[in-house]
Number of protein chains: 2
Amino acid sequence: MPNSSPDLNRVFRALADSTRRTVLERLSHGPATVGELAKAFEMALPSFLQHIDVLEEAGLTTSEKQGRVRICSIAPAALDVGEGWMRSLRGLWHRRADALEAYLEQFKNPEGESP
Amino acid sequence: MPNSSPDLNRVFRALADSTRRTVLERLSHGPATVGELAKAFEMALPSFLQHIDVLEEAGLTTSEKQGRVRICSIAPAALDVGEGWMRSLRGLWHRRADALEAYLEQFKNPEGESP
DNA sequence: TGAACTGTTAGGCATAGACCTAAGTTACAA
DNA sequence: TTGTAACTTAGGTCTATGCCTAACAGTTCA
């Protein structure tokens, strides 16, 4: 479970904004241009572009320039990284679901083993 | 796929920091006190406490005061929210994996259907 | 060519985040 | 009852984020 990678930081940070999540949802239905994507939001285009850049730097989207148009697509590999981390964490937890009880017993029953 | 909820913002933001992810990994093996958790990091205790608070506000951990000790545990329900969002997004994408090709054709073959 | 379209860059502002030190507070222990 | 342990709160700095307007490209089309 590699954790210290800056990739996870970037992926989760990118997902921590509802504008960007909405863009990803839109892109999950198929590619779109910057202008098409921006229509759904009220913010100024340069502000919106920053969100696109954050997504792309996180590896969650890619884009390709066609003439004067920039076409964005979703790139779910980065999503897998985040999802994988979460799943493995939850897996660990499930294997230890009884640990809480045992641990708390220590504090109620100080005669048990030392922490 | 509820997206606008501030919960997802908080969950993903909380995960966007490697200190906090390390804490979650530690807690996935079982509960621990603030002091035990803090030992693994070099930062000052008040700084570390802020991370604990972020995790708790995101619903990723819970804590319980036992005497002068605060015992933290993982609370994977919030994790499921994030993981669920990611999985459903990826599901959508897989059903549309061929959309990129078709879309790009528009720009190469302007005689196709209008966008 | 020159206007219109679609981005893009530059620069500024306000808020939030991540860290710090110093100074409490509460519980346990001698 | 006094000291120590284990947080907790207060307040400060510095950087990053999210937004804006204004001005600048690169493309397309009349």
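Letters A, B, ... mirror the listed sequences (proteins, then strands); counts begin at 1.
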Check: In whole angstroms, how far is the C1' atom of dT8(D) from the CG atom of Leu37(B)?
Finding: 16 Å
Notebook entry, point to check: So does Arg13(A) get a side-chain nitrogen or oxygen closer than 4.0 Å to the phosphate oxygens (OP1/OP2) of dA16(C)?
Noted result: no
Item checked: Between dT6(C) (P) and Glu64(A) (CD): distance, integer Å -> 18 Å
Margin query: Measure CG/Asn9(A) against P/dT17(D) and give the value in whole Å, please.
Written below: 10 Å
Next item on the list: Starting from C1' on dT17(D), measure out to CG on Leu55(A) and report it in whole angstrom.
Entry: 14 Å
Next item on the list: Quick one: pull up CG in Asn9(A) and OG in Ser18(B) and give me the separation to the nearest 0.5 Å.
Entry: 5.5 Å
Check: To the nearest Å, how far apart are Asp53(B) CG and dA18(C) P?
Finding: 12 Å
Notebook entry, point to check: The side chain of Asp17(B) lies closest to which of these nucleotides: dG7(C), dC20(C), dA18(C)?
Noted result: dA18(C)
Notebook entry, point to check: For the atom pair NE2 (His51(A)) and OG1 (Thr61(A)), what is the distance rounded to the nearest 0.5 Å?
Noted result: 13.0 Å
Next item on the list: Would you kindly give the CD-to-C1' distance between Gln50(A) and dA16(D), to the nearest whole Å?
Entry: 11 Å
Note to self: Please check: side-chain N/O of Arg20(B) versus main-chain N/O of Arg13(B), any donor-acceptor pairing under 3.5 Å?
What the structure shows: yes
Check: Which one, dT8(D), dC20(D), dT8(C), comes nearest to the side chain of Leu49(B)?
Finding: dT8(D)
Next item on the list: Identify, between Leu45(B) and Phe48(A), the residue whose nearest nucleotide on DNA chain D lies closer to the 5' end.
Entry: Leu45(B)
Checklist line | hydrophobic_cluster_shared for Leu8(A) and Phe41(B), side chain cutoff 4.5 Å | finding: yes
Checklist line | Ser47(A) vs dC20(D): side-chain N/O to OP1/OP2 distance below 4.0 Å | finding: yes
Next item on the list: On DNA chain C, check which nucleotide each of Arg68(A) and His51(B) is closest to and give me the residue with the more 5' one.
Entry: Arg68(A)
Next item on the list: Select one nucleotide: of dA22(D), dA18(C), dT21(C), the one nearest the side-chain heavy atoms of Pro46(B).
Entry: dT21(C)
Margin query: Looking at Lys65(A), I'd like to know whether one of its side-chain N or O atoms comes within less than 4.0 Å of OP1 or OP2 on dT8(C).
Written below: yes
Next item on the list: Quickly work out the Gln66(B) CD to dT26(C) P distance and round it to whole Å.
Entry: 18 Å
Next item on the list: Specify the residue among Ala44(A) and Arg70(B) whose closest nucleotide of DNA chain D lies further upstream toward the 5′ end.
Entry: Arg70(B)
Check: dA27(C) P sits how many Å from Ile71(B) CD1, rounded?
Finding: 15 Å
Note to self: Whether Asp53(B) and Arg70(B) form a salt bridge (side-chain N of Lys/Arg under 4.0 Å from carboxylate O of Asp/Glu) is what I want to check.
What the structure shows: yes
